[in-house]
Every structure is written in C-alpha cells, then in structure tokens.
Amino acid sequence: MNCLISAGPTREWIDPVRFISNPSSGKMGYALAQVAHNLGMDVTLVSGPVSIEPPSGVKTISVETALEMKDAMLEFSETADLIIMCAAVCDHRPQKKCDHKVAKENIPETLLLQKNPDILKILGSQKKPGQILVGFAAETHDVLASAKKKLIKKNLDWIVVNDVSNHEIGFMSDTNEVIVLGASDEVERISLADKSIIAKKILHVVYPQWQIKAP
Ligand code: CTP
C-alpha cells in the first residue's frame, strides 16, 4: 500500500531574501504521514518548508515552491494507492524572480503575480483506477458547499474540510476539527482533538479497508 502525502506551505520567491507564503505549520500532514506509517503503509511525504521533525520511517522529500511540489507529487503519484494533498499550496507566484536582492527603493508598489498550477486538480484529472484521492479545503464561509464544489471540480474521492475562521483549529494549531465529505455524499464529522487522533480518524474514513487489516 503506497501512500503519498503533501504537507506544509510553499514558498514563492520574489528575490533571494523575500518570498510569499502562508502560515501552514505542516502538523496535519506530518501527523497523517506518521499514522499511515504506523498502520504499515509505505509512505512518501512531500513537504514544503516547516520547522517540525520529519516523521520517523517516512521517506520525506523537501520542496520549496509550488512548481517543485507539483513535480514531486506527479512523479510519486504514478505508484500511489492513496494520495492525500494536505499542503497549503500558494495559488500564485511572482511573475518574475530576481536573481539578486532588489534594493528597497527599486521594489515596485505593485507586485505582478501569476497563477500556480492546481496540483490536486492535475492529480484528479489523471487519477489511476483504484487510486484514492483526498484533498483538503480551507474555508471561512459556506464551508460545506464550497468544499463540495472543490471535491467535484478536482475529481476527488474525499475532501477534508477545515473551518479556518476558527483559530482553535487548523493552520498553526496542535488540534483540529474537520468534516470529511465523500464523493457519494458521505459526511463524517471529526470533533476537536489532537492532530494525531484526527489523522487516524481521517485515514479510517478514507480507507476503511485499513481498519480490517490493521492490528
Ligand atoms: N491545492 C493544490 N494546488 C494549488 C492550490 C490548492 O493542490 N495550487 C490543493 C490543496 O492542497 C488542497 C485543495 O487543493 O488539498 C484545496 O485548497 P484550497 O486552498 O482550499 O482551495 P483552492 O482550490 O486553492 O481554492 P480557493 O483558494 O479559491 O478557495
């Protein structure tokens, strides 16, 4: 059972000393990777820059930008049975990255951006038979309806919904509370708990066969 997980933020460089990013800590993806490994899965973790220890026994690939994350995810998705896209990928990158530090008086008032590829959507468009594809959704309003749209648009089997307007949960916190939506309209609510407990419950929802096989 090959499991591929992405985690953490991406970093989109403006010049060698400045970047655009987001506050993702990587904790949720790392917890998923550790639990999947403990359940006996062969786990590859593709991680953006984070400051937490890599999970033990997990092959961890470090990337920085969305484009690097895309390349790694597409490469390892070829042999993955279960893919969980937990990373907070920056939707945009600066149109131009300067090779040298730009002096502050030369920084333009408006930064021109270009769209990054939607990695999950690409994975959904080339999903292999039997492959299970799981996305995350960070939402602040119309939480379930917005997540359901993403599930359909990206051809997912499951989407794990975070309400990021609540600071007790999500991004930087050690705890989380999620709703897991399925392509066949399943709705599984997982109440506030440590991210390792949430990870175990998510894996049991998206891959129930595992409950039978796991000791
Ligand atoms: N995602 C991705 N590539 C991107 C952006 C997002 O693979 N360029 C993935 C995330 O890892 C997550 C899912 O898509 O699993 C949903 O991410 P989210 O930020 O909630 O939604 P977006 O699709 O970016 O849409 P929006 O920001 O408009 O809500």
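Basis for what follows: all heavy atoms, side chains included, without hydrogens, waters or symmetry-related copies. Numbering of residues begins at 1 and proceeds along the displayed sequence. All ligand and atom numbering here is 1-based and tracks the order in the structure.
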Peer 1: Using heavy-atom distances, let me know which of Lys150, Met69, Lys121 sits nearest atom 29 (O) of ligand 1.
Peer 2: Lys150
Peer 1: Are Val206 and Leu82 side-chain neighbours, meaning at least one heavy-atom pair lies under 4.5 Å?
Peer 2: yes
Peer 1: Report yes or no: does a heavy atom of Ala88 sit under 4.0 Å from some atom of ligand 1?
Peer 2: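 Ala88: no contact with ligand 1 (<4.0 Å).
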Peer 1: Is any N or O atom of Phe136, backbone or side chain, closer than 3.5 Å to an N or O atom of ligand 1?
Peer 2: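 Right, the criterion is met.
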Peer 1: Less than 4.0 Å is my threshold; does some heavy atom of Lys70 fall inside it relative to ligand 1?
Peer 2: no
Peer 1: Among all protein heavy atoms in this structure, tell me which lies nearest to atom 6 (C) of ligand 1, with the distance rounded to 0.1 Å.
Peer 2: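 Looking only at protein heavy atoms, the one closest to atom 6 (C) of ligand 1 is Lys154 NZ, 4.1 Å.
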Peer 1: Out of all atoms in ligand 1, which are within 4.0 Å of some heavy atom of Ala137? Include the element for each.
Peer 2: 20 (O)
Peer 1: Check for me whether Ala138 has a heavy atom closer than 4.0 Å to any atom of ligand 1.
Peer 2: yes
Peer 1: Take atom 19 (O) of ligand 1 and look for protein heavy atoms under 4.0 Å from it; say yes if you find one, no if not.
Peer 2: no
Peer 1: Check the side chains of Ser196 and Asp194 for a donor-acceptor pair under 3.5 angstrom, ignoring hydrogens and angles.
Peer 2: yes
Peer 1: Are the side chain of Arg18 and the backbone of Val102 linked by a donor-acceptor contact shorter than 3.5 Å?
Peer 2: yes
Peer 1: Which residue and atom name correspond to the protein heavy atom nearest atom 3 (N) of ligand 1, and how close is it?
Peer 2: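 Of every protein heavy atom, Ile119 N, 3.1 Å lies nearest to atom 3 (N) of ligand 1.
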Peer 1: Please check this pair: side chain of Asn116 against backbone of Cys90, looking for a donor-acceptor N/O pair closer than 3.5 Å.
Peer 2: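 Yes: the side chain of Asn116 pairs with the backbone of Cys90.
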Peer 1: Does a side chain donor of either Ser25 or Tyr30 reach within less than 3.5 Å of an acceptor in the other side chain?
Peer 2: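 Their side chains do not contain a donor-acceptor pair, so the 3.5 Å distance test is not met.
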Peer 1: Quick one: does any side-chain atom of Glu186 pair with a main-chain N or O of Ser184 as donor and acceptor, under 3.5 Å?
Peer 2: yes
Peer 1: As an exercise, identify every atom of ligand 1 less than 4.0 angstrom from a heavy atom of Gly135.
Peer 2: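 Once the distances to Gly135 are compared, the set is 15 (O).
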Peer 1: Tell me, which protein residue and heavy-atom name are nearest atom 8 (N) of ligand 1, and how many Å apart are they?
Peer 2: Pro117 O, 2.9 Å
Peer 1: Which protein non-hydrogen atom lies closest to atom 7 (O) of ligand 1, naming both residue and atom, and how far is it?
Peer 2: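 For atom 7 (O) of ligand 1, the nearest protein heavy atom is Leu120 N, 2.8 Å.
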Peer 1: Please lay out, stage by stage, how Lys59 and Asp42 fare under the test salt bridge (charged side-chain N to carboxylate O under 4.0 Å, His left out).
Peer 2: CA-CA 9 Å; Lys59 175 174 170 184; Asp42 207 337; over 6 Å; no
Peer 1: Has the side chain of Arg93 got a donor or acceptor atom that lies under 3.5 Å from a matching backbone atom of Lys115?
Peer 2: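 The answer is yes, because a donor-acceptor pair under 3.5 Å joins these two groups.
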Peer 1: Counting each atom of ligand 1 from 1 as listed, which ones have a heavy atom of Ala87 under 4.0 Å away?
Peer 2: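 Taking each heavy atom of Ala87 in turn, ligand 1 has 10 (C), 11 (O) under 4.0 Å.
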Peer 1: Judged on heavy-atom distance to atom 5 (C) of ligand 1, which of Asp118, Asn116, Leu156, Asp91 sits nearest?
Peer 2: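 Looking at heavy atoms only, the winner is Asp91.
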Peer 1: Can you tell me if Ser21 uses its side chain to pair, donor with acceptor, with the backbone of Thr10 under 3.5 Å?
Peer 2: yes
